Structures are given as C-alpha cells and as structure tokens.
Trainee: 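To start, I am sharing the structure in question, which I have written as structure tokens.
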There are 2 protein chains.
Amino acid sequence: MSKRVTINDVARTAGVSRQTVSRALNDKGEIDGSTKQRVLDAARELGYRPSRFARGLVRQDTTTIGLVIPDLLNPFFTEVAAGALEAARARGWHVIVYDTAGSDEEERGTIEVVVSQVDAVVGYFNLAESELDAHLSGMPAVLIGREHQTPRFSSIRIEGAAGVREAVDHLVANGHRRIGMLDYEERSRPSIRHSWFADAMSAHGLVADAVGNAVQSVDGGTEALTDLLARRPDLTAVFAFNDVIAVGALRAARRLGRAVPDELAVVGFDGLQLGTVVDPALTSVALDTRRVGALAIEQAGRLLAREPQLPPEELLVNAVLLVREST
Amino acid sequence: MSKRVTINDVARTAGVSRQTVSRALNDKGEIDGSTKQRVLDAARELGYRPSRFARGLVRQDTTTIGLVIPDLLNPFFTEVAAGALEAARARGWHVIVYDTAGSDEEERGTIEVVVSQVDAVVGYFNLAESELDAHLSGMPAVLIGREHQTPRFSSIRIEGAAGVREAVDHLVANGHRRIGMLDYEERSRPSIRHSWFADAMSAHGLVADAVGNAVQSVDGGTEALTDLLARRPDLTAVFAFNDVIAVGALRAARRLGRAVPDELAVVGFDGLQLGTVVDPALTSVALDTRRVGALAIEQAGRLLAREPQLPPEELLVNAVLLVREST
DNA sequence: GAGCATCCCGTGAACGTTCACGGGAGCGTT
DNA sequence: AACGCTCCCGTGAACGTTCACGGGATGCTC
C-alpha cells in the first residue's frame with residue numbers, strides 16, 4: 001500500500017515546516033532562496049504532487065464546467081464544444097466533456113455524476129425539464145438550443161425564423177416553387193425548424209407538403225433525400241434540418257444524377273465548416289456555433305457569480321442566410 | 001458573503017447529525033426511511049450540494065484525465081477525443097479537455113495547470129521531451145503519435161510504413177509513376193510519413209522529388225496542391241500527409257479542372273469519416289482513430305495502477321490502405 | 001428477565017492543503 | 001540600550017466530507 005506523498009513528507013526531508021513547503025511551491029515570498037531550492041529538490045525527489053482536493057477545499061478558486069453533448073463527432077457539437085473550450089480557457093476554467101451518445105439513459109447517468117463533479121453544467125439536453133430540474137439538485141445550468149420554463153435555468157436559443165425566411169425567399173427568387181424539407185423529428189414531432197420553414201413557405205403562398213424525416217447523420221441525409229425524391233421527383237429544392245443532413249442530401253443527389261444546384265438546390269442549417277469542404281459548397285442558414293459555446297460558458301459564469309446574485313438569462317443567437325454554391 | 005451550505009447546515013435543520021445526512025445522501029443503509037426523507041427534503045430546501053473537494057479528499061475514488069490536443073476542430077483530434085471520452089466513460093472517469101490551439105505557449109500554460117487538476121494526462125504534445133518531463137512533475141503521461149525516449153511515458157504510436165507502402169503499390173499498379181506528396185513539416189523537418197513515402201517510392205525505383213508543404217487545414221491542402229501542380233503539372237497522383245490536407249487537395253484539383261481519380265489520384269492518411277462525405281470519397285491509409293483515444297485512456301489506467309506498479313508501454317496502431325473512390 | 005441480535009444514530013478522527021497569526025533573528029536608528 | 005523594522009519560518013485552525021467505532025433502543029428467545 002504505497003501511501004501518498006504529502007506536503008509533510010516533503011517538509012520532513014527538507015527539514016522545514018509544511019508552510020514553508022507551501023510557500024516554496026506556490027512561490028509566495030517570505031522564503032529564503034536557498035531553502036526554497038532545497039524544498040523544490042526534495043519535492044522532486046519524492047515525486048510530490050499536491051492534492052487537488054485538499055487545495056481546492058481551502059482555496060475556493062478553481063471552477064470546473066461540465067459540458068454535456070449528445071455526440072462529439074457531430075460537427076455542430078464539435079464547433080460548439082470548441083467555442084466553449086476557448087471561452088473557458090480565457091477565464092482559466094476547466095471543462096469536463098460528457099458525450100451521452102444521444103441516449104436518454106446515458107444522459108440520466110451523466111447528470112447523476114456531473115452533479116458531484118462540476119460547479120455548473122452547460123449543454124444540449126434531451127430529457128424533460130422536470131427530470132432535469134429534479135436531478136440537477138439546484139446546480140446552475142445553461143440549456144443550449146432549447147426553450148424552457150424553469151426559471152433557474154439560463155439558455156442559449158437559436159433564432160432561425162428570419163434566416164429560414166431569407167432562405168425560402170432566396171429559393172423563390174431563383175424560381176423554385178416546389179421546395180421540400182428534410183426534417184429531424186424529436187419525439188416524433190416536427191421540429192421548430194420545420195415550422196419556420198412552413199411559415200416562410202406560406203408567406204409565398206406555398207405549402208410545405210414534401211417533408212421527409214432524417215436521422216442526425218450524413219448517411220441519414222442521404223437516405224432521407226433518396227426516399228423523398230422517390231415520392232416527390234418534382235422537387236427542385238430542399239431545405240435540410242441541418243448541414244450534416246444536407247451534406248448527406250448532396251451525396252444522394254449526386255448518386256441520383258441530379259446536378260446541384262441546377263437540377264436541385266440544397267440549403268442546410270448551422271453554417272458549419274463542413275459545408276465548405278463539399279462540392280458544391282453548401283448554402284446554409286448559418287449561425288456562429290463557436291459563439292454559442294462561448295455564450296454558454298459566459299452564462300454559466302453569470303449563474304456562478306456570488307454577489308451580486310444575477311438572474312438567469314435567455315440569450316438568442318440569430319441565424320442568417322449564407323449563400324454558397326448549392327443554390 | 002453568502003456562505004456555502006454544508007452538511008452541518010442540513011443536519012441542523014433536519015435535526016440529525018452529519019453522519020445521518022451522509023447516509024441519506026449516499027443511500028448507505030443504517031437509516032430509517034422517514035428520517036432519510038426528512039434529510040433529503042432539508043437538503044433540497046437548503047439547496048445543498050456536497051463539496052467535491054471534501055468528498056474527493058476522503059474517498060480517493062474519482063479519477064480525472066486531462067486530454068491535451070492542438071485543435072479540437074481538426075477532425076482527427078475530434079475522433080481521437082471521442083474515443084477517449086468513450087473509454088473514460090466506460091470506466092467512470094472524467095475527462096478535462098484542453099485545446100492548445102497549436103501554440104507552444106498555450107501548451108506550456110496548459111501543462112502548468114493540468115498538473116494540479118488531473119490524475120494523468122494524455123495527448124498530442126508538441127514541446128520537447130525534456131520540457132515535458134520537467135514541467136509534468138512526475139505526472140503519468142501518455143504521448144499520442146510520437147516517438148519518445150523518456151522511460152516513464154507511455155505512448156500510442158501510429159505505424160504507417162506498411163500502409164503507405166500499400167498505397168504506393170496500389171498507385172503504381174494503377175499505372176502511376178509520377179507521384180507527389182503534400183507533407184506537413186514540423187519544425188521545418190520532413191515528417192516521418194514523408195520518409196515512409198520515400199521508402200515506398202524507392203522500392204519501385206521511383207524518387208520522391210515532388211513534395212509540397214501544407215499547413216494543417218483544408219485550405220492549406222488546397223493551396224499546397226495548387227502550388228505543387230504549378231511546379232509539377234506532370235504529376236498523376238499525390239499522397240497527402242493526412243485526410244484534412246487531402247480533402248483540400250481534392251478541392252484544388254476540382255478548381256484546376258483535373259478530374260479525380262482519372263486525371264489525378266489522391267490518397268490521404270488517417271481514414272477519417274470526413275473522407276466519406278467528399279466527392280469522390282477519399283482513398284486513405286486508414287487507422288482506427290477512436291481506438292487511439294481509447295488506448296491512450298487504457299494506458300493512463302495502466303500508469304495509474306497502484307499495485308502492482310506497471311511499467312509504461314509503447315503501443316502501436318497500424319494503418320492500412322483503404323481504397324475508396326479517389327484512386 | 002437475562003441475554004442477544006438488529007436497527008438506528010452520533011462522536012472523534014482523518015484526508016492534505018492554505019490562511020491567519022505569532023515570533024525569533026538580525027540590523028539600523030535614536 | 002531600547003526600539004522598530006524587515007526577513008524568514010513555524011503552529012493552530014479551518015475547509016467539508018467520510019470512515020471507524022461506539023452505544024442506546026427495541027424486540028425476540030429461552
């Protein structure tokens with residue numbers, strides 16, 4: 001049972017007291033140069049590393065944020081995470097990342113452990129608010145991309161109605177009238193983006209009657225567009241729930257021999273980097289994904305503020321049309 | 001100065017002792033059902049959340065790994081990170097992610113703070129070994145994708161000589177003889193992958209005399225291939241340092257009007273998911289990136305083992321040719 | 001009714017560090 | 001020679017939790 005090397009062990013072999021060791025390691029001053037060196041040598045020799053728990057217990061200065069996302073490999077969440085990491089680093093905070101693999105069960109488990117490991121939690125949750133509220137045990141939380149009632153939560157919401165309206169305007173202006181959508185239904189309900197789309201369509205006297213459902217992946221987009229086009233070969237444009245699905249749609253179009261944008265225009269959502277590496281580059285209703293992550297961290301900071309206690313906020317990030325080559 | 005709610009506060013308002021509160025919260029047994037409920041209610045009402053520091057100090061069971069990468073947005077590191085997260089979750093470990101933005105300065109700063117925040121560190125480092133060894137203060141470390149001398153480090157190395165040989169064989173078998181490379185030089189020295197390429201070429205009596213240098217991004221690949229092709233328009237195939245650069249090369253070829261694979265074959269390295277979303281899908285010397293992350297976590301666990309003390313290991317992950325559409 | 005087991009609950013100690021405070025040695029000033 | 005200041009170092013206390021142990025009720029057995 002190799003016991004842990006403590007500050008007292010270092011003190012003993014250096015022939016000084018705990019406090020002197022502490023001073024040497026945190027270079028505090030009030031210590032002679034030679035003794036400091038002696039302490040440092042002793043510490044290295046013993047392989048001493050201070051306990052982060054003991055240290056954290058007494059000085060209450062390290063803050064750690066939990067970032068909960070369904071899938072780090074989904075580029076949207078990668079970009080959000082990158083933004084969060086950057087914002088956290090700027091404040092000297094630490095971020096523990098939890099990937100729930102899109103499973104409610106994993107999300108429950110994550111929440112259970114996250115509560116005792118971080119100071120605040122930030123992320124994209126799928127569970128019902130009541131469940132979140134109950135299991136989070138009062139921990140400060142920032143919800144990303146989601147409406148909410150619970151007053152103690154902050155949230156970063158994505159406002160895309162105007163951007164989707166822009167997209168549909170753009171398509172109509174280019175002569176499109178038979179425009180389909182590749183939606184991503186959560187809990188078998190049409191998404192909010194679908195309603196934005198439907199509203200934008202009806203503003204032009206068009207109906208959103210060609211809607212397919214896709215799972216959240218490139219392959220899902222490929223499948224969904226293939227199906228939709230089989231049912232509705234007359235479509236000349238599609239709007240996808242997000243860029244990942246749209247990139248899949250691009251591939252489907254290629255395989256089906258429909259040239260983009262001439263024979264089929266494709267519009268995504270999110271404005272990911274991913275959209276610039278495909279050919280043609282993807283037109284998208286774009287938002288600043290890094291900023292979403294950064295704002296989430298910032299909100300966490302707001303909720304963590306001791307005094308004055310600041311109330312939660314609901315922030316909006318606007319999405320605007322970014323025309324590239326696929327329309 | 002709103003003081004923290006402690007276990008004693010809960011005990012007082014519930015009319016019991018600390019220990020009973022502790023029992024209720026960690027449902028330990030040896031407690032009456034009604035008192036347990038009373039304690040739980042009191043805890044919720046006061047908004048009590050146990051201090052992770054105090055808890056961690058006494059039960060030494062939570063382990064946290066630091067994952068250090070140069071750029072989370074680089075899909076290679078995203079995939080490695082995802083693998084690491086998954087492996088860590090399986091063990092109930094926590095992962096703090098640090099993105100050093102590819103800067104040596106940030107890497108130094110990260111190492112400084114990581115030492116006092118995690119139990120072991122895993123990642124892709126750029127600094128010299130001597131510096132790492134000195135500043136890591138004896139912390140268990142696993143180096144990814146890198147050779148090393150320091151005996152106390154573990155490492156996950158990527159063995160691609162055979163895979164690159166396969167790739168060149170494949171290209172030669174398809175009639176290519178003028179094959180270029182888009183390298184990524186670290187500290188203005190040709191990469192190890194370049195030497196693998198040169199060896200494979202000379203095995204066919206060919207010389208690797210058409211080499212461009214690219215920065216680690218899609219745009220970098222585009223630029224580099226454009227330059228290389230301007231110098232050497234006679235090339236019929238290129239091997240890229242990695243998939244990210246190769247995807248950029250694909251885009252350059254498209255813009256220059258060179259059809260892939262008919263007028264120019266392109267081979268990447270890493271076998272990322274990214275290679276399947278582009279058109280044509282990228283042929284690549286592929287490795288299991290998720291596994292790299294998982295192995296790194298596993299090695300961290302090995303180094304963390306108390307008894308018996310296990311020596312560090314150097315693991316190899318082999319890369320093999322994965323033919324898709326770009327050759 | 002003595003003995004014993006079971007069920008609950010509480011008290012001291014420990015985890016490893018930093019903070020607040022005190023104090024001795026050395027030197028210069030008056 | 002008394003005082004004060006600076007420099008360096010050490011001791012008790014505190015941070016908030018769990019662990020080890022002890023002990024009072026209660027009920028059952030014979």
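Keep in mind the model is a prediction, meaning the values are calculated, not measured. Residue numbers start from 1 in every chain, and the chains themselves are labelled A, B, ... in the order their sequence lines are given, proteins ahead of strands.
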Trainee: Between the side-chain atoms of A:Q60 and the base atoms of D:dC15, is any donor-acceptor pair under 3.5 Å?
Mentor: no

Trainee: What's the CG-C1' distance between B:D27 and C:dC8, to the nearest Å?
Mentor: 16 Å

Trainee: Without hydrogens or angle criteria, can the side chains of A:T150 and A:E129 be said to hold a donor-acceptor pair below 3.5 Å?
Mentor: yes

Trainee: Does C:dG10 have its OP1 or OP2 closer than 4.0 Å to a side-chain nitrogen or oxygen of B:S17?
Mentor: yes

Trainee: Tell me: NZ of B:K36 to P of C:dG10, nearest whole Å?
Mentor: 16 Å

Trainee: Just how far, in rounded Å, is C1' of C:dA13 from CD of B:Q19?
Mentor: 12 Å

Trainee: Nearest whole angstrom, please: distance from the C1' of D:dT17 to the CG of B:N8.
Mentor: 9 Å

Trainee: Nearest to the B:S51 side chain among C:dT17, C:dC9, D:dT17, which nucleotide is it?
Mentor: D:dT17

Trainee: Could you please name the option among D:dT18, C:dT17, C:dC19 that lies closest to any side-chain atom of A:K28?
Mentor: C:dC19

Trainee: Given D:dT18, D:dC8, C:dC19, which nucleotide is nearest the side-chain atoms of A:E30?
Mentor: D:dC8

Trainee: Whole angstroms only, please: what is the CZ-C1' distance between B:R52 and D:dT18?
Mentor: 18 Å

Trainee: Among C:dT18, C:dC8, D:dT17, which nucleotide sits nearest the side chain of B:D32?
Mentor: C:dC8

Trainee: Check if the side chain of B:R23 and the base of C:dG10 share a donor-acceptor pair of N or O atoms closer than 3.5 Å.
Mentor: yes

Trainee: Expressed in angstrom and rounded to an integer, what is the separation of B:I7 atom CD1 from D:dC15 atom P?
Mentor: 14 Å

Trainee: Quick one: on DNA chain C, does B:I31 or B:L57 contact a more 5' nucleotide (nearest heavy atom)?
Mentor: B:I31

Trainee: Testing the basics here: between A:T78 and A:L73, what is the closest heavy-atom pair and its distance to 0.1 Å?
Mentor: OG1-C, 4.2 Å

Trainee: Starting at atom CZ of B:R12, determine the distance to atom P of C:dG10, rounded to an integer number of angstrom.
Mentor: 14 Å

Trainee: Give a yes-or-no answer on whether the side chains of B:Q273 and B:E79 include a donor-acceptor pair shorter than 3.5 Å.
Mentor: no

Trainee: Please confirm whether the shortest side-chain N or O distance from A:T35 to OP1 or OP2 of D:dC8 is below 4.0 Å.
Mentor: no

Trainee: For A:D119 and D:dG16, what is the distance between atoms CG and P respectively, to the nearest whole Å?
Mentor: 14 Å

Trainee: Ion pair present between A:E105 and A:R108, side-chain N to carboxylate O less than 4.0 angstrom?
Mentor: yes

Trainee: Within less than 4.0 Å of OP1 or OP2 of D:dT18, is there a side-chain N or O belonging to B:S22?
Mentor: yes

Trainee: Mark yes or no for a side-chain to base donor-acceptor pair under 3.5 Å between B:R18 and D:dT18, with no hydrogen or angle criteria applied.
Mentor: yes

Trainee: Could one point to a donor on the side chain of A:R49 or the base of C:dG16 with an acceptor on the other under 3.5 Å away?
Mentor: no

Trainee: Please determine, for the side chain of A:V58, which listed nucleotide (C:dC19, D:dG16, D:dT18) has the closest atom?
Mentor: C:dC19

Trainee: Once the angle between the rings of B:H148 and B:F153 is folded into 0 to 90°, is it parallel (under 30°), tilted (30 to 60°) or perpendicular (over 60°)?
Mentor: tilted

Trainee: Identify the heavy atoms of A:S116 and B:R55 that sit nearest to each other, and give their distance.
Mentor: CB-NH1, 3.8 Å

Trainee: Please tell me if A:N26 has a side-chain N or O lying less than 4.0 Å from either OP1 or OP2 of C:dT18.
Mentor: yes

